[in-house]
*Asks:* 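Let me give you the structure first, and then I'll get to my questions.
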Amino acid sequence: MVKILAVNAGSSTLKWKLFAMPEERVIARGLVDNLGLPGTTFTVKYGDGQQLVEEEDIQSVDVAVDKLIHELKHLHIIEDYHEIGGVGHRVVAGGETFKASSVIGPKELDQIEALSELAPLHNPPEAKGIRAFMQVLPDTPEVGVFDTAYHTTIPEMNYLYSIPMQYYRDFGLRKYGAHGTSIRYVVTHTAKMLHKPMSELNLIIMHMGSGVSVTAVKNGASYDTSMGYTPVSGVTMSTRSGDVDPSLVAMLMKKLQLTDPDDVIKILNTESGVFGISELSPDMRKVEETRTTRHQSQLAIDIFVNRMVKYVAGYIAELGHVDGLVFTAGMGEGDGAMRQRIIDGLRVFGVRMHEDRNNDVRPEDTDLTADGSTMKVLLLPTDEELMIARDVMELTK
């Protein structure tokens, strides 16, 4: 048995799972929440329902990682640091530098940091997380698993923007997409669920979490996706705007008397989307609770559904034949009402969902298709951490 640690680092969070491989069994999991803020919560779940929860100020990812490894040993989840055979890290943006998961050394870490402009909210904390694990576990292989890698199969006509080609050649300005690790897992398991070779599978994957993307999968490979040069584009998300007229950046700079375009990008990333429209919350659950009493709550829902339906409909036309529409991630797995609204918006294509099954669904692989539907409607919980652990095993065996 080999123990593999799968890590997902954010600006104020550090999520992780420890797997026993190759049996793919979760030994422990945890979260460091509000990292760098007052009242950091440190959680470890392990064994037969055992749990450690502590609240203290943890000011940096270096301290969080050091505490994590210490607690794994203190709780006898591991007896020695060398039991951890590899650490895998979710990295959002690999650009054209990383076209597959890769073992990370000092050179590769510098390259990840250099790609931060492609994912300014993600790559910097992810690089800090890798560096912290390198310091605490210097003899343990570190592996980067890149969200953008899955999308390297997208054809030129879908990844190029209609701007001078010189800007692509000189600066790499193109669509890169995101959520690829999640989508890769979902496609693999959908093929098993439908008993069909992945190479023959056409799907539209709706990854609906805090970040939201729609991906067209053709013959098992990414063919088009809603997120672009950075994860801010595409559909409306919890705090991200999705697609906007680029002239708005210049106009907002004038109206708000800003001198740095990054200030506008920050608005589009952190103050927009469902939060910006509802002026209530980035959490769709809270918006749903007030939709009958607040016009802006219902408006935020309507705009979200509208953008989702537009992208899915476009990808149905682009693929020609679709085997299935797949919902995944937090909202995709847990919000039956939102799934129903999206499928209702696609009725013109003959797609139908079983309403009772949709209402009763639990977070597990579920076929939601109604009789007579022209394509399958599926719910498939994603597992990015397991995909990371598999890649670490493959690269370090």
Side-chain angles (χ1 to χ4, degrees), residues 5-16 31-38 40 57-68 87-99 101-137 142-149 151 171-182 209-211 213 227-234 237-241 249 260-273 282 384-385 388:
L5 191 60
V7 178
N8 189 343
S11 58
S12 61
T13 60
L14 183 74
K15 294 187 289 185
W16 59 271
L31 171 68
V32 184
D33 201 12
N34 289 325
L35 179 59
L37 303 171
T40 307
D57 292 347
I58 300 178
Q59 293 301 315
S60 69
V61 69
D62 305 72
V63 176
V65 169
D66 189 65
K67 180 175 174 61
L68 166 59
V87 183
H89 302 264
R90 180 207 179 197
V91 181
V92 168
E96 293 188 327
T97 306
F98 298 98
K99 297 187 177 182
S101 298
S102 302
V103 176
I104 303 300
K107 174 187 173 183
E108 290 79 13
L109 185 54
D110 289 343
Q111 290 172 321
I112 289 170
E113 291 176 326
L115 290 164
S116 290
E117 64 181 16
L118 300 182
L121 300 183
H122 298 87
N123 271 41
E126 289 157 358
K128 287 180 181 178
I130 296 172
R131 197 177 297 280
F133 276 98
M134 283 179 168
Q135 291 172 349
V136 175
L137 300 172
E142 308 287 335
V143 172
V145 180
F146 300 87
D147 273 354
T148 51
H151 298 299
F171 311 123
L173 301 182
R174 52 158 287 181
K175 175 186 287 191
Y176 289 104
H179 291 150
T181 306
S182 168
S210 176
S213 67
M227 287 180 167
Y229 178 71
T230 73
V232 75
S233 63
M237 303 174 228
S238 62
T239 63
R240 296 180 195 144
S241 64
V249 175
D260 189 343
D262 284 346
D263 292 335
V264 180
I265 299 302
K266 183 179 179 182
I267 292 171
L268 298 180
N269 265 300
T270 65
E271 301 175 26
S272 302
E384 293 169 294
E385 290 83 6
I388 291 168

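All of these numbers come straight from a predicted model, not from anything done at the bench. In what follows, every heavy atom counts, from backbone to side chain, and hydrogens, waters and symmetry copies are set aside.
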*Asks:* Who passes ring pair (Phe, Tyr, Trp, His ring centres under 6.0 Å) against H122, sequence neighbours left out?
*Replies:* none
*Asks:* Suppose we screen for side chain to side chain contact (heavy atoms under 4.5 Å, CB included). Which residues come up paired with S210, at least two apart in sequence or across chains?
*Replies:*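 Result, side chain to side chain contact (heavy atoms under 4.5 Å, CB included) vs S210: S238.
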*Asks:* Taking salt bridge (Lys or Arg N to Asp or Glu O under 4.0 Å) as the test, write out the residues that go with R90, two or more places apart.
*Replies:* D147, E384
*Asks:* What's the spacing between L118 CG and T148 OG1 if we round to 0.5 Å?
*Replies:* 8.0 Å
*Asks:* Please step through side-chain contact (heavy atoms from CB on, under 4.5 Å) for the pair L5 and V7, ending with a clear verdict.
*Replies:* CA-CA 6 Å; L5 191 60; V7 178; 4.0 Å; yes
*Asks:* Could you tell me which residues satisfy side chain to side chain contact (heavy atoms under 4.5 Å, CB included) with S233, sequence neighbours excluded, listed by chain and number?
*Replies:*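 S233 satisfies side chain to side chain contact (heavy atoms under 4.5 Å, CB included) with D243 once adjacent residues are dropped.
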*Asks:* My understanding is that only residues two or more places apart in sequence, or in another chain, count here; which of them pass salt bridge (Lys or Arg N to Asp or Glu O under 4.0 Å) with K15?
*Replies:*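 Partners of K15 by the salt bridge (Lys or Arg N to Asp or Glu O under 4.0 Å) criterion come out as none, since no residue qualifies.
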*Asks:* Is there a donor-acceptor contact under 3.5 Å from the side chain of T239 to the main chain of G273?
*Replies:* no
*Asks:* Taking side chain to side chain donor-acceptor pair (under 3.5 Å) as the definition, give me every residue that meets it alongside E385, ordered by chain and number, with sequence neighbours left out.
*Replies:* none
*Asks:* Side chains of V143 and S102: closer than 4.5 Å at any heavy-atom pair?
*Replies:*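 They are not in contact (no side-chain heavy atoms under 4.5 Å apart), so the answer is no.
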*Asks:* Considering residues at least two apart in sequence or located in another chain, which fulfil the side chain to side chain contact (heavy atoms under 4.5 Å, CB included) criterion with E108?
*Replies:* F98, I104, Q111
*Asks:* Regarding H89 and E142, do their side chains bring together a donor and an acceptor under 3.5 Å, going by distance alone?
*Replies:*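 Side-chain D/A pair, H89 to E142: present.
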*Asks:* Where do P231 and V92 come nearest, in terms of heavy atoms and distance?
*Replies:*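 Heavy atoms of P231 and V92 come nearest at CG-CG1, 4.1 Å.
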*Asks:* Test of understanding: with side chain to side chain donor-acceptor pair (under 3.5 Å), list the residues that count as partners of S213, not counting sequence neighbours.
*Replies:*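 Counting only residues at least two positions away or on another chain, S213 forms a side chain to side chain donor-acceptor pair (under 3.5 Å) with H179.
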*Asks:* Output all residues satisfying side chain to side chain contact (heavy atoms under 4.5 Å, CB included) with D262, sequence neighbours left out; order by chain, then residue number.
*Replies:*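 For D262 the side chain to side chain contact (heavy atoms under 4.5 Å, CB included) partners, ignoring immediate neighbours, are D260.
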*Asks:* Quick one: salt bridge (Lys or Arg N to Asp or Glu O under 4.0 Å) partners of E96, sequence neighbours excluded?
*Replies:*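 Per chain and number, E96 pairs via salt bridge (Lys or Arg N to Asp or Glu O under 4.0 Å) with R174.
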*Asks:* Kindly compute the distance separating OG (S241) from CG (N269), expressed to the nearest 0.5 Å.
*Replies:* 7.5 Å
*Asks:* Could you give the side-chain donor-acceptor pairs of residues 127-136 under 3.5 Å, partners two or more places apart or in another chain?
*Replies:*
from, atom 1, to, atom 2, distance (Å)
R131, NH2, E113, OE1, 3.1
R131, NH2, E113, OE2, 2.9

*Asks:* For M227 and A178, work out which heavy atoms get closest and say how close.
*Replies:*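 Nearest heavy atoms, M227 then A178: SD-CB, 3.4 Å.
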*Asks:* Answer yes or no: is there a side-chain heavy-atom contact under 4.5 Å between I58 and V32?
*Replies:* yes
*Asks:* Measuring from N8:CG to I388:CD1, what's the distance to the nearest 0.5 Å?
*Replies:* 6.0 Å
*Asks:* Applying salt bridge (Lys or Arg N to Asp or Glu O under 4.0 Å) as the test, list every pair that has at least one member in residues 116-125; sequence neighbours left out.
*Replies:* none
*Asks:* Kindly indicate whether the side chain of N123, heavy atoms from C-beta on, has any atom under 4.5 Å from the side chain of V91.
*Replies:*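 Side chain of N123 against side chain of V91, heavy atoms only: contact under 4.5 Å found.
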*Asks:* Got a second to check how far I265's CD1 is from T230's OG1, nearest 0.5 Å?
*Replies:*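 Those atoms lie 7.0 Å apart.
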